[in-house]
Structure formats: C-alpha cells, structure tokens
Amino acid sequence: MISPSSTTPAAATPSAPIGAEQAPAQRRSLVAALATLAAVACILLLAVVVLPAARSDPYTRQTLELTGSATDGGRLFRLNCAGCHGLAAQGLVGPDLHGVDRRKNDRQLIQQVVSGRTPPMPSFQPEPQAMADLLAFLHSLP
C-alpha cells in the first residue's frame with residue numbers, strides 16, 4: 001500500500017510559515033502609507049503655516065502694493081545683483097534671470113531676495129519701493 005506522503009513528496013517537506021510571503025509586502029505597504037502620510041502632512045503644513053505667513057508678511061504686502069520702476073530697478077540690479085547674475089542678468093555665479101517671473105511669482109521672488117535661500121546668494125532687504133522697482137526690472141527682462 002502506498003502512503004499519501006509518498007505520492008506527494010513536496011507536501012511532506014516543511015514550507016515557509018503561512019503568511020511569511022505577506023510580511024515583506026505588508027512592510028512595503030506600511031512604508032508607502034507612512035510616506036504618503038508624511039507628504040500630506042508637509043502639504044498641510046505648507047498650506048496652513050507657510051502660505052498664510054507669506055501673505056501676512058508686512059514687507060511683502062507693502063512691496064506688492066507699490067508700483068515699481070523698471071529703470072530704477074535696473075539701476076538697483078546693476079549695483080547689487082550684477083556681480084553674480086551678470087550685467088544683462090544672463091547668469092554668472094547666480095542663475096540667468098531672464099523669464100524668472102514665469103518661474104516664480106512675485107511673493108517667491110521677494111522671499112528669494114530677502115532670504116538669500118540659495119547659497120551663495122546673500123540676504124538682501126531693500127526698502128519696499130526699491131524691491132518693487134527690482135520686481136519691475138525682473139518683469140521687464142525678456
């Protein structure tokens with residue numbers, strides 16, 4: 001007589017514990033869920049804390065309420081910015097600024113200038129009218 005285990009040798013050998021294949025998949029799912037949660041938290045932090053703070057920043061608000069002069073802004077640019085961005089804003093150490101107003105909005109441009117976020121750019125906070133003039137100059141670049 002043939003025993004059932006002799007006809008199915010694969011069934012007789014011990015296999016991985018039930019659910020062992022699911023553990024790596026569960027860990028990947030948990031990591032993906034945590035990454036998604038962290039991304040959502042960052043977006044909420046940006047929407048709740050950073051954006052309202054930028055809108056309520058008195059310097060930015062005051063600057064955006066003013067009308068700038070591209071001529072005066074060009075003069076300011078040549079004195080303070082051309083050393084890194086080039087006389088024609090073509091970029092040297094700093095980036096080419098042509099079309100920068102299509103890549104960043106006015107609030108972002110103000111924050112970039114004021115904070116100097118991108119090393120080696122120094123922070124620079126001109127009077128609001130001078131900043132409005134600089135914005136007008138940046139808008140005048142092709």
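Taken to the nearest 0.5 Å, the CG atom of Asp101 stands 7.5 Å off from the CG atom of Leu138. Here the CZ-OG distance, from Phe137 to Ser69, works out to 11.0 Å after rounding to the nearest 0.5 Å. Taken from CE in Met121 to CZ in Arg117, the straight-line distance is 10.5 Å, to the nearest 0.5 Å. Put simply, CD on Gln111 and OG1 on Thr60 are 4.5 Å apart, with the number rounded to the nearest 0.5 Å. Distance OG/Ser115 to CD/Gln108: 11.5 Å, rounded to 0.5 Å. For the atom pair Leu135 CG and Leu76 CG, the distance stands at 10.5 Å (nearest 0.5 Å).
Closest of all the heavy-atom pairs between Gly86 and Phe77 is O-CE2, 3.3 Å. Here the closest non-hydrogen pair linking Ala89 and Leu141 is CB-CD1, 3.7 Å. Across all non-hydrogen atoms, the minimal contact from Ala132 to Leu66 is CB-CB, 3.9 Å. Across Leu92 and Gln90, no two heavy atoms sit closer than the pair CD2-NE2, 4.1 Å. Among all heavy-atom pairs drawn from Met131 and Tyr59, the shortest one is CB-OH, 3.2 Å.
Val100 and Ile110 fall within a single hydrophobic cluster, where Ile, Leu, Val, Met, Phe, Trp and Tyr are joined by side-chain heavy atoms under 4.5 Å apart, directly or via other members.
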Worked verdict on Asp96 versus His85 for side-chain hydrogen bond (donor to acceptor under 3.5 Å, both in side chains): CA-CA 6 Å; Asp96 181 340; His85 292 283; over 6 Å; no

Working for side-chain contact (heavy atoms from CB on, under 4.5 Å), residues Arg107 and Asp57: CA-CA 10 Å; Arg107 289 180 191 282; Asp57 171 37; over 6 Å; no

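A donor-acceptor distance shorter than 3.5 angstrom exists from the side chain of His98 to the backbone of Ala88, with no hydrogens or angles considered.
Residues Ser123 and Val114 are not in side-chain contact: their nearest non-hydrogen atoms beyond the backbone lie 4.5 Å or more apart. Residues Leu34 and Leu30 are in side-chain contact: their nearest non-hydrogen atoms beyond the backbone lie under 4.5 Å apart.
Sparse packing is recorded around CD of Glu127, with 12 or fewer heavy atoms of other residues, nucleotides or ligands lying under 6.0 Å away.
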